[in-house]
A.B. asks: 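Take this structure first; my questions come after.
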Number of protein chains: 2
Amino acid sequence: MGITKTDKFTDEQNKLANIAKALGHPARIAILMHLFKIDSCICGDLVNEIGLAQPTISQHLKELKNLGIIKGNISGTSICYCIDQDEWTQITTLLNQFLSQKTEGAGNCC
Amino acid sequence: MGITKTDKFTDEQNKLANIAKALGHPARIAILMHLFKIDSCICGDLVNEIGLAQPTISQHLKELKNLGIIKGNISGTSICYCIDQDEWTQITTLLNQFLSQKTEGAGNCC
DNA sequence: TTTGTATATTGCAATATTACGATTAATTAT
DNA sequence: ATAATTAATCGTAATATTGCAATATACAAA
């Protein structure tokens with residue numbers, strides 16, 4: 001059916017899954033890495049940097065923007081995208097809480 | 001086209017995306033949470049715990065197993081799944097490295 | 001105004017994912 | 001042996017995702 005039954009899960013579970021899903025494509029990872037690397041805004045070099053067509057990059061940017069992880073300003077003829085540090089902190093904190101879980105190992109039978 | 005062009009990206013980018021993708025569904029988040037919570041093995045209570053059909057759960061378990069994040073032993077008539085702590089540590093370390101990046105803010109123009 | 005440049009949107013084809021009923025396989029209990 | 005139980009697999013329908021060509025939009029420069 002292709003549709004996820006979000007009503008079966010808690011808000012936290014859905015939120016974590018949404019974050020992970022947004023990070024679940026190498027192009028979006030590459031975009032974020034590039035943004036961190038240049039520590040500045042994107043002004044069009046992404047299409048050259050990553051070898052995908054312009055509409056494809058634009059679509060991936062949109063998804064990251066929808067999650068709130070990046071923000072963009074119009075700057076003349078080009079758009080200026082950068083990491084929203086506040087959102088990034090919130091999102092990574094949430095993910096880290098989940099990732100830092102450990103099995104105590106007491107009932108570990110495998 | 002629905003196919004991801006993995007050859008355009010580095011191994012690290014593809015690996016990170018694969019991990020995130022595996023975590024990108026609330027059912028799989030819920031499965032992992034349950035495994036951590038009971039700190040033991042699953043012996044069939046997952047289908048009741050999560051409200052999805054048995055084949056669906058089985059499919060999600062398979063994906064987590066493929067990533068190496070959980071492992072399963074046959075234990076009589078039921079299967080015993082649990083977190084593979086070593087793999088979990090490796091995977092979360094990799095993700096954390098990525099997540100802990102920060103923008104220095106120097107070129108932050110948005 | 002026209003031309004050029006940069007990004008977004010639309011429309012579409014190919015593939016992937018999600019979910020589940022039906023079935024199968026493997027084991028345990030009777 | 002037969003029945004019951006548990007989990008995996010198969011087959012299939014519905015929806016989502018990925019990618020790009022074509023087009024639209026918005027602005028700048030000439």
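In what follows, every chain begins at residue 1, and chains take the letters A, B, ... in the order their sequences are listed.
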A.B. asks: Report yes if the side chains of A:Ile69 and A:Asp84 come closer than 4.5 Å at any heavy-atom pair, otherwise no.
C.D. replies: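 No - every pair of side-chain heavy atoms lies 4.5 Å or more apart.
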A.B. asks: Can you confirm whether B:Arg28 sits close enough to B:Leu64 that some side-chain heavy atom of one is under 4.5 Å from a side-chain heavy atom of the other?
C.D. replies: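 Side-chain contact under 4.5 Å: yes.
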A.B. asks: Check the pair B:Leu16 / A:Met33 against side chain to side chain contact (heavy atoms under 4.5 Å, CB included), numbers first and verdict last.
C.D. replies: CA-CA 11 Å; B:Leu16 280 169; A:Met33 279 182 166; 3.8 Å; yes
A.B. asks: Is there a side-chain contact between A:Tyr81 and the phosphate of C:dA6, meaning an N or O under 4.0 Å from OP1 or OP2?
C.D. replies: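 No, no such contact exists.
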A.B. asks: Under 4.0 Å between any heavy atoms, over every strand shown, what does B:Thr4 touch: base, sugar-phosphate, or nothing? Just pick one.
C.D. replies: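 Sugar-phosphate only.
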A.B. asks: With a 4.0 Å limit, can you tell me whether B:His60 has a side-chain N or O closer than that to the phosphate oxygens OP1/OP2 of C:dA19?
C.D. replies: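 Result: yes.
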A.B. asks: When the distance from NZ of B:Lys8 to C1' of D:dC20 is rounded to whole Å, what number comes out?
C.D. replies: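 Atom NZ in B:Lys8 sits about 12 Å away from atom C1' in D:dC20.
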A.B. asks: Please collect all side-chain hydrogen bond (donor to acceptor under 3.5 Å, both in side chains) contacts where either partner lies in residues 11-24 of chain A, sequence neighbours excluded, each pair once.
C.D. replies: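 For residues 11-24 of chain A, and leaving out neighbouring residues, the side-chain hydrogen bond (donor to acceptor under 3.5 Å, both in side chains) pairs sorted by first residue read A:Thr10-A:Gln13.
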A.B. asks: Starting from the 5' end of DNA chain D, give me the residue, B:Val47 or A:Thr56, whose nearest nucleotide shows up first.
C.D. replies: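 Nearest nucleotide further toward 5': that of B:Val47.
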A.B. asks: Please tabulate, one pair per line, all N/O donor-acceptor pairs under 3.5 Å involving side-chain atoms of residues 51-58 of chain A, not counting sequence neighbours.
C.D. replies:
none

A.B. asks: For residues A:Ile38 and A:His34, determine if any side-chain heavy atom of one lies less than 4.5 Å from a side-chain heavy atom of the other.
C.D. replies: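 The answer is yes; the side chains approach within 4.5 Å.
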A.B. asks: What is the distance, rounded to the nearest whole Å, between atom CZ of B:Arg28 and atom C1' of C:dA16?
C.D. replies: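 Value for this atom pair: 12 Å.
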A.B. asks: Looking at D:dT15, D:dT9, C:dT18, which one has an atom nearest to any side-chain atom of B:Ser58?
C.D. replies: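 Between D:dT15, D:dT9, C:dT18, the one nearest the side chain of B:Ser58 would be D:dT9.
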A.B. asks: Just jot down the side-chain contact (heavy atoms from CB on, under 4.5 Å) partners of B:Lys65, sequence neighbours excluded, or say none.
C.D. replies: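 Per chain and number, B:Lys65 pairs via side-chain contact (heavy atoms from CB on, under 4.5 Å) with B:Ile70, B:Tyr81.
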A.B. asks: What is the distance, rounded to the nearest whole Å, between atom NZ of B:Lys71 and atom C1' of D:dA7?
C.D. replies: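 Roughly 20 Å, once rounded to whole Å.
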A.B. asks: Separation of B:Glu63 atom CD from C:dA19 atom C1', in whole Å?
C.D. replies: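 Rounded to whole Å, this separation is 12 Å.
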A.B. asks: Return the value, rounded to whole Å, for the distance between atom CD1 of A:Ile50 and atom P of C:dT7.
C.D. replies: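 Between P of C:dT7 and CD1 of A:Ile50: 13 Å.
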A.B. asks: Check each residue of residues 17-27 of chain A for a non-hydrogen atom within less than 4.0 Å of any atom in DNA chain D, then write out the ones that pass by number, or none.
C.D. replies: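 Nucleic-acid contacts, sorted: A:Lys21, A:His25.
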A.B. asks: Can you figure out which of C:dA19, C:dA8, D:dG19 approaches the side chain of B:Lys5 most closely?
C.D. replies: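 Nearest to the side-chain atoms of B:Lys5, counting from C-beta on, is D:dG19.
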A.B. asks: Output a table of donor-acceptor pairs, distance under 3.5 Å, between side-chain atoms of residues 88-100 of chain A and any protein atom two or more places apart or on a different chain; print 'none' if there are none.
C.D. replies:
from, atom 1, to, atom 2, distance (Å)
A:Trp88, NE1, B:Leu99, O, 3.3
A:Trp88, NE1, B:Gln101, O, 3.0
A:Thr89, OG1, A:Gln85, O, 2.8
A:Thr89, OG1, A:Gln85, NE2, 3.2
A:Thr92, OG1, A:Trp88, O, 2.8
A:Thr92, OG1, A:Thr89, O, 3.1
A:Thr93, OG1, A:Thr89, O, 2.6
A:Asn96, ND2, A:Thr92, O, 3.2
A:Ser100, OG, A:Asn96, O, 2.9
A:Ser100, OG, A:Gln97, O, 3.2

A.B. asks: Which atom pair, heavy atoms only, marks the closest approach of B:Leu35 to B:Cys82?
C.D. replies: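 Nearest heavy atoms, B:Leu35 then B:Cys82: CD2-CA, 3.8 Å.
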A.B. asks: What's touching nucleotides 10-13 of chain D from the protein side, N or O pairs under 3.5 Å?
C.D. replies:
from, atom 1, to, atom 2, distance (Å)
D:dA13, N1, A:Met1, N, 3.2
D:dA13, N3, A:Met1, N, 3.2

